Amino acid sequence: MPELPEVEVLRRSLAPRLEGRRVEGVEVRESRLREPVSRRALDRLCGSEFAALRRRAKYLLADLTGGRTLVVHLGMSGRLSLLPGERQRGAHEHVVLALSGDEELVFRDPRRFGLIVVLPTDELTTDRRFVHLGLEPLDETFDGDRLAALARGRRGPVKNFLMNGRLVVGVGNIYASEALFRAGIHPRRSVARIAPRRWRRLAAAVQSVLAGAIEQGGTTLNDFEDAVGQAGYFQVSLEVYGRRGEPCKRCGRPVRRLVQAGRSTFYCPGCQR
């Protein structure tokens with residue numbers, strides 16, 4: 001599943017190619033996604049221009065002139081690509097926006113867990129999809145003190161805490177495991193037993209891991225690609241995730257795997273306490 005770094009990579013690859021382009025036509029070939037696609041709402045975008053691309057958590061927000069925002073979530077297998085207008089249609093291309101300049105913005109999603117919806121731009125913050133979202137880990141205000149404040153009065157494993165989207169957004173399974181390794185914190189450690197200095201170390205590790213993943217184009221374990229078909233390479237930099245039984249790159253002890261909330265967690269028993 002694409003996580004925050006992959007969506008940010010997509011945003012950065014799309015923005016210079018999309019901003020200023022006009023929507024000239026809409027084709028909905030399959031409306032049965034996570035929520036039904038509204039052909040009527042998409043049709044209202046015709047004649048509008050893309051003004052800016054933003055991201056909130058794992059949502060891509062494309063603001064258009066006229067006060068509307070195209071909201072896209074990639075779900076498990078979604079791709080959003082800029083493709084030539086004159087081409088043979090591919091499989092699973094559910095929504096196609098024809099753009100000025102003879103290109104198309106194409107949403108492809110084999111598993112159909114993705115989302116495409118049009119919302120009034122000034123109502124985004126109060127929309128049910130966004131109102132409960134937690135801290136953005138790439139914001140300048142994200143730090144250990146804010147994490148410690150969120151954890152106050154709570155218990156439970158720190159990895160589950162990091163992956164709770166109502167507290168912190170976008171730190172998916174891979175990046176939570178990697179950040180905890182860099183911070184030297186065991187994934188099962190209770191949030192009630194983490195000192196302030198370790199929260200600061202963890203916040204810095206989260207930002208470092210996410211920034212590194214973005215710089216390397218995201219993590220392509222299955223089929224993630226950016227808007228022009230470039231795969232990510234962060235997977236070659238993974239220090240613990242997916243490395244069960246292999247020697248830790250720091251201490252040499254075998255990396256272990258455990259299951260938390262139904263998800264695989266990888267950690268080093270020597271480096272993480």
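Please read these numbers as outputs of a predicted model, since none were measured by experiment.
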* To do: List the steps and the verdict of salt bridge (charged side-chain N to carboxylate O under 4.0 Å, His left out) for R55 and E8.
  => CA-CA 7 Å; R55 179 193 53 76; E8 180 63 19; 3.0 Å; yes
* Just wondering, more than 12 heavy atoms not from R87 lying within 6.0 Å of its CZ? ->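 More than 12 heavy atoms, drawn from other residues, nucleotides or ligands, come within 6.0 Å of this atom.
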* Any idea which heavy atoms bring L4 and G170 closest together, and the distance? ->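 Answer, listing the atom of L4 first, then G170: CB-O, 3.4 Å.
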A side-chain contact here means heavy atoms from C-beta on lying under 4.5 Å apart; do [X] and [Y] qualify?
X: L10; Y: L74; answer: yes
X: P187; Y: Q272; answer: yes
X: Q260; Y: M163; answer: no
X: V191; Y: W199; answer: yes

* **Basic-acidic side-chain contact under 4.0 Å: R56, E136** =>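 The answer is yes: the pair qualifies as a salt bridge.
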* Asked: Rounded to the nearest 0.5 Å, what separation is found between the OG1 atom of T125 and the CZ atom of F130?
  ->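 These two atoms lie 10.0 Å from each other.
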* Rounded to the nearest 0.5 Å, how far apart are CZ of R21 and CZ of F50? ->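 Here the interatomic distance stands at 9.5 Å.
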Got a list of side-chain donor-acceptor pairs under 3.5 Å for residues 148-162, not counting sequence neighbours?
{"residue": "R154", "atom": "NE", "partner": "L150", "partner atom": "O", "Å": "3.0"}
{"residue": "K159", "atom": "NZ", "partner": "N173", "partner atom": "OD1", "Å": "2.5"}
{"residue": "K159", "atom": "NZ", "partner": "T265", "partner atom": "OG1", "Å": "2.9"}

* Verify side chain to side chain contact (heavy atoms under 4.5 Å, CB included) between L180 and H186, making sure each step is shown before the conclusion. => CA-CA 7 Å; L180 287 166; H186 195 286; over 6 Å; no
* Go through L33 and H94 one step at a time and tell me if the side chain to side chain contact (heavy atoms under 4.5 Å, CB included) criterion holds. => CA-CA 9 Å; L33 301 184; H94 303 318; 3.7 Å; yes
* To do: Take the angle between the ring planes of F266 and Y241 and call it parallel below 30°, perpendicular above 60°, tilted in between.
  =>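 Rings of F266 and Y241: perpendicular, over 60°.
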* **R250 to F181 six-membered ring, cation-pi geometry met (6.0 Å, 45°)** =>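 Yes, R250 and F181 form such a contact.
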